[in-house]
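Accompanying notes for the structure given below.
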Number of protein chains: 2
Amino acid sequence: MPGVFLKDALVTLKESGVRITPQRHAILEYLITSHSHPTADEIYKALEEDFPNMSVATVYNNLRVFQNSGLVKELTYGDASSRFDFVTHDHYHIICDDCGKIVDFHHPGLEEVERLAAHVTGFQVNSHRLEVYGTCPDCAATQQNQAK
Amino acid sequence: MPGVFLKDALVTLKESGVRITPQRHAILEYLITSHSHPTADEIYKALEEDFPNMSVATVYNNLRVFQNSGLVKELTYGDASSRFDFVTHDHYHIICDDCGKIVDFHHPGLEEVERLAAHVTGFQVNSHRLEVYGTCPDCAATQQNQAK
DNA sequence: AAACTAATTATAATGATTATAAAGAAGTAA
DNA sequence: TTACTTCTTTATAATCATTATAATTAGTTT
């Protein structure tokens with residue numbers, strides 16, 4: 001069932017009064033089917049063939065629209081540009097310090113941490129963000145070989 | 001014991017062969033004593049009085065130097081500029097969705113999450129990043145009043 | 001002091017993101 | 001259909017954080 005996410009997403013959008021333009025359709029589809037965490041520019045380049053006249057602003061605008069509808073999350077890191085992630089189930093990311101590859105992993109939510117934080121700081125907690133950093137198997141292997 | 005962190009930090013720097021210039025001293029001191037999580041520009045502005053000729057590049061350069069020595073951590077969020085945090089003990093941050101205030105809280109490390117991530121993904125795990133988001137007491141109070 | 005290295009300054013460049021204004025497409029009501 | 005309104009896209013310029021460069025200054029070593 002590959003198209004389920006896309007169909008659901010389109011319904012969600014339509015219900016909140018957002019028009020489904022060809023560009024929006026394409027951006028969403030790319031986010032879902034690429035199974036990656038692309039930057040705005042990567043999306044722009046990937047759709048260049050089908051939409052030669054599309055503007056970068058359109059990509060940014062629509063990514064924002066999708067975020068407002070809760071379909072997409074923005075992942076921000078230091079230097080580089082933001083990456084965008086289609087939200088399915090709750091999952092976390094592990095990121096390679098060497099090559100930057102991002103891999104999903106699932107883990108029960110950290111409600112206990114949220115509770116403690118709320119208690120200690122007096123905040124009303126809404127959400128949290130967790131990322132794990134390390135070296136991916138590929139890069140680990142490369143380093144092994146170079147050490148020889 | 002207010003100056004302990006600063007003295008320790010200076011020793012750490014000297015030991016790794018980093019010169020202690022007046023600018024570096026001032027940036028570090030501000031990071032420690034301001035008890036905030038300033039942006040590079042905030043640091044620049046705060047030191048303008050004492051160092052009228054200091055360049056923004058100097059702030060960025062030295063923040064990088066401090067990061068390389070493990071004294072400072074960069075916190076990155078979506079739109080805005082990076083914030084810089086003097087590293088003392090391990091702690092996490094809770095951030096107000098409304099006003100952006102950042103408050104520290106302590107929590108045992110999430111080694112168990114790291115272990116699971118390593119197991120599932122095959123990564124060698126180095127570190128992780130956790131942030132909690134919510135509404136700070138001040139903003140919550142303001143919202144209460146506005147609702148009246 | 002001379003020679004060398006590191007740090008700072010001033011300024012320009014980069015690059016991601018956003019703002020703006022004009023043109024186009026879709027939706028609604030007559 | 002026509003006119004009218006609203007939303008969307010496009011093209012382009014602007015913004016803003018950060019980095020690169022080159023020249024100058026300061027510190028260190030001989």
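Not measured: the values here are computed from a predicted model. Every chain is numbered from 1, with letters handed out A, B, ... down the list of sequences.
The list of salt bridge (charged side-chain N to carboxylate O under 4.0 Å, His left out) pairs with a residue in residues 33-48 of chain A, not counting sequence neighbours, reads A/Asp41-A/Lys45, A/Glu42-A/Arg83. For residues 99-108 of chain A, the set of pairs meeting the salt bridge (charged side-chain N to carboxylate O under 4.0 Å, His left out) definition, not counting sequence neighbours, comprises A/Lys101-A/Asp138. Pairs engaging residues 51-68 of chain B under the side chain to side chain donor-acceptor pair (under 3.5 Å) rule: B/Arg24-B/Asn62 [sequence neighbours left out].
Atom pair B/Arg83:CZ and D/dC16:C1' shows a separation of 15 Å (rounding to whole Å applied). Taking atom CD1 of B/Ile27 as the reference point, atom P of C/dT8 lies 8 Å away to the nearest angstrom. Summarising the geometry, the separation between CZ on A/Phe66 and C1' on D/dT8 is reported as 12 Å, rounded to the nearest angstrom. For the pair B/Ile20 CD1 and D/dA26 P, the computed distance is 18 Å after rounding to whole Å. Residue B/Leu28 contributes atom CG, which lies 14 Å from atom P of C/dA7 at whole-angstrom precision.
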Check the interface with nucleotides 25-27 of chain C: list each N/O to N/O pair with the protein under 3.5 Å, or write none.
none

Polar-atom pairs under 3.5 Å, protein N or O versus N or O of nucleotides 22-24 of chain D: list them with distances, or write none.
none

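At C/dG15, none of the side-chain N or O atoms of A/Ser81 fall inside 4.0 Å of OP1 or OP2 (strictly under the cut-off). At the phosphate of D/dT19, OP1 or OP2 sits under 4.0 Å from a side-chain N or O atom of B/Arg64.
Taking all atoms of both residues into account, the shortest heavy-atom contact from A/Thr76 to A/Ser82 is CG2-OG, 3.6 Å. Across B/Ala9 and B/Leu28, no two heavy atoms sit closer than the pair CB-CD1, 3.9 Å.
Residues from residues 34-63 of chain B lying near DNA chain D, meaning a heavy-atom separation below 4.0 Å, are B/Ala57, B/Tyr60 in numerical order.
Taking the salt bridge (charged side-chain N to carboxylate O under 4.0 Å, His left out) definition, one finds that B/Glu29 meets it with nothing, sequence neighbours left out. Listed by chain and number, the residues in a side chain to side chain donor-acceptor pair (under 3.5 Å) with A/Asp50 amount to none (sequence neighbours excluded). Every residue was checked against the salt bridge (charged side-chain N to carboxylate O under 4.0 Å, His left out) condition with A/Lys73, not counting sequence neighbours, and none meets it. Here B/Glu112 pairs with A/His107 under the side chain to side chain donor-acceptor pair (under 3.5 Å) rule; sequence neighbours left out. Contacts of A/His93 classified as ring-ring contact (aromatic ring centres under 6.0 Å, His included), with partners at least two apart in sequence or in another chain: A/His37, A/His91.
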Could you pull out every donor-acceptor pair under 3.5 Å between side chains of residues 117-128 of chain B and any protein atom, sequence neighbours left out?
residue  : atom : partner  : partner atom : Å
B/Thr121 : OG1  : B/Ala117 : O            : 2.6
B/Thr121 : OG1  : B/Phe123 : N            : 3.3
B/Asn126 : ND2  : A/Asp97  : OD2          : 2.7
B/His128 : ND1  : B/Glu114 : OE2          : 2.6
B/His128 : NE2  : B/Tyr92  : OH           : 2.8

